[in-house]
Amino acid sequence: MRTVGREIEQQVSTGSLPGWDRVHELAEAGYARYRDDDEGTVADYIPVLGAADPALFGVCVVETSGARHAVGDTEVAFSVQSISKAFVYALVCEELGHEAVRDRVGVNNTGLPFDSVIAVELNEGHPMSPMVNAGALATTALVPADSSAERWERIRTGLSRFAGRQLTLDGEVYRSESATNTRNRAIARLLESYGRIEHDPLEVVDVYTRQCALRVTTEDLGVMGATLADGGVNPVTGERVVSPDVCRDTLAVLASTGMYERSGEWLFEIGLPAKSGVSGGIVAIAPGKGAIGTYSPRLDRAGNSVRGQRATAYLSRALGLNVFASSAHVPVADVRPSE
Ligand code: DON
């Protein structure tokens, strides 16, 4: 489908959150409800991730007003992993524009696991989705830069602007993944064989591995997500990071592919664009209202945090965030005071 109607000025469709006290109370309730839930397993295909404490659990709601509601282990740092894909995608959309990124990387769900090789083969090397590893590698390669070092620095500073503070590399995670990421190297080579990657594929894998090893907290995830909810302005620092159009495009992609092959189920149950990472983070975004960051290392089989999904589902319902929810229109005649 081609782009239509872009000459028409975009209006927005959002609502508002309940007051500060109510949001805070619900963030605490969402945490308490799932604190003792111990389903799922900690990822260990990147060896160092296997050492994460499975008991850790943090929930942080960040409003577009900049208000923050942090409960639990929200200051514990972990590697951002696949959640970086969403923000690097936004930075690349900002640089290259809607059509170019859609055509080169795609906006559809592969329906296959995030590290699928067969998905690349089935689509003649087109990555289809910027949220799976093939599409994320292709997206990282599109970050304009004269060298890999510059590309990495642009990504690090770009993601730091979303977080509102300087993010740094977790060297241990970077080394652990670099020593074991043969599959991502194979995917990058496969993209190269189809002419879908312009730079040295192994250098692109290295930059991508670094972006995945950036250290964040649950609170950072909330602020990063709230920036996408706030038309691209970081609600804590007041800095514009990307345009409102880029936020809308990024959220559309997250809705369809952010939770991998579970994206349909996620949207059906929770109704919010979101992105997960294999270290246990999830960020879910309510356009115009704010974002929910969660962290808990035990994952389901698709690689999404179990407690994080459950806490987000609870908060989406309780805070009225599901973008598909509505109630019957009350005719004006019915709400007039009786005479
Ligand atoms: O490339 C990888 O496999 C990891 N650096 C990131 C994967 C990931 O986070 C998948 N998320 N659920």
Side-chain angles (χ1 to χ4, degrees), residues 40-50 52 77-89 109-117 119-120 127 129-141 152 155-156 159 167 169-191 197 201-216 218 220-221 224 253-254 257-263 265-266 273-284 293-309 312:
T41 45
V42 178
D44 60 3
Y45 77 96
I46 298 171
V48 75
L49 297 186
F78 52 93
S79 52
V80 66
Q81 296 300 338
S82 279
I83 299 173
S84 65
K85 294 169 180 168
F87 297 94
V88 174
Y89 181 72
N109 197 319
T110 64
L112 290 164
F114 64 86
D115 57 353
S116 174
V117 172
V120 183
S129 158
M131 298 300 136
V132 295
N133 291 6
L137 288 163
T139 306
T140 294
W152 155 237
I155 290 174
R156 193 191 66 75
L159 266 57
L167 300 179
L169 183 76
D170 184 324
E172 202 188 350
V173 172
Y174 166 65
R175 286 188 293 277
S176 183
E177 183 162 355
S178 296
T180 52
N181 61 358
T182 46
R183 203 174 172 85
N184 284 343
R185 283 182 253 155
I187 291 172
R189 284 284 189 213
L190 193 55
L191 291 173
I197 206 161
L202 297 188
E203 283 190 25
V204 173
V205 173
D206 184 64
V207 175
Y208 165 82
T209 307
R210 287 172 187 271
Q211 85 185 40
C212 288
L214 274 171
R215 213 186 259 123
V216 292
T218 314
D220 290 329
L221 292 185
M224 293 168 86
V253 165
L254 293 188
T257 82
M259 302 299 275
Y260 304 115
E261 64 275 30
R262 295 279 167 79
S263 297
E265 227 170 294
W266 170 274
K275 185 74 205 85
S276 65
V278 81
S279 51
I282 300 181
V283 60
T294 57
Y295 168 60
S296 189
R298 283 200 182 96
L299 312 180
D300 68 11
R301 290 211 296 190
N304 301 320
S305 165
V306 175
R307 278 180 180 149
Q309 292 183 75
T312 307

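One-based numbering, in listed order, for ligands and for the atoms of each.
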For [X], the ligand 1 atoms whose distance to one of its heavy atoms is below 4.0 Å:
| X | result |
| --- | --- |
| Y45 | 2 (C), 3 (O), 4 (C), 6 (C), 7 (C) |
| C212 | 5 (N) |
| Y208 | 1 (O), 2 (C), 4 (C), 5 (N), 6 (C) |
| G277 | 9 (O), 11 (N), 12 (N) |

Does the side chain of [X] reach to within under 4.5 Å of the side chain of [Y], using non-hydrogen atoms?
| X | Y | result |
| --- | --- | --- |
| Y45 | N181 | no |
| M224 | V283 | no |
| D206 | W152 | no |
| N109 | S129 | no |

Suppose we measure from [atom] to each protein heavy atom; which comes out shortest, and what is that distance?
| atom | answer |
| --- | --- |
| atom 4 (C) of ligand 1 | Q81 OE1, 3.2 Å |
| atom 12 (N) of ligand 1 | G303 O, 3.1 Å |
| atom 8 (C) of ligand 1 | S82 OG, 2.5 Å |

Quick one: does [X] get an N or O within less than 3.5 Å of an N or O on ligand 1?
| X | answer |
| --- | --- |
| F114 | no |
| K85 | no |
| N184 | yes |

**OP:** Say whether D115 and ligand 1 are in contact under the criterion: heavy-atom distance to a ligand atom below 4.0 Å.
**Re:**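 Per 4.0 Å heavy-atom rule, D115 does not contact ligand 1.
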
**OP:** Could you see which bit of R183 sits under 4.0 Å from ligand 1, with heavy atoms only: side chain, backbone, both or neither?
**Re:** neither

Subject >> Per-residue contact class, N133 against ligand 1 - non-hydrogen pairs under 4.0 Å >> reply: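 The answer is the side chain.
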
Original post:
Just by distance, with hydrogens left out, do Q309 and D300 show a side-chain donor and acceptor under 3.5 Å apart?
Top reply: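 The criterion, which ignores hydrogens and geometry beyond distance, is satisfied for D300 and Q309.
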
Original post:
Can you find a side-chain donor-acceptor pair between S82 and Y260 that sits under 3.5 Å?
Top reply: yes

**OP:** Apply salt bridge (charged side-chain N to carboxylate O under 4.0 Å, His left out) to R215 and D220, showing your working.
**Re:** CA-CA 9 Å; R215 213 186 259 123; D220 290 329; over 6 Å; no

Subject >> Whether S279 side chain and S79 backbone form a donor-acceptor pair below 3.5 Å >> reply: yes

**OP:** Kindly compute the distance separating CG (N184) from CG (N133), expressed to the nearest 0.5 Å.
**Re:** 4.5 Å

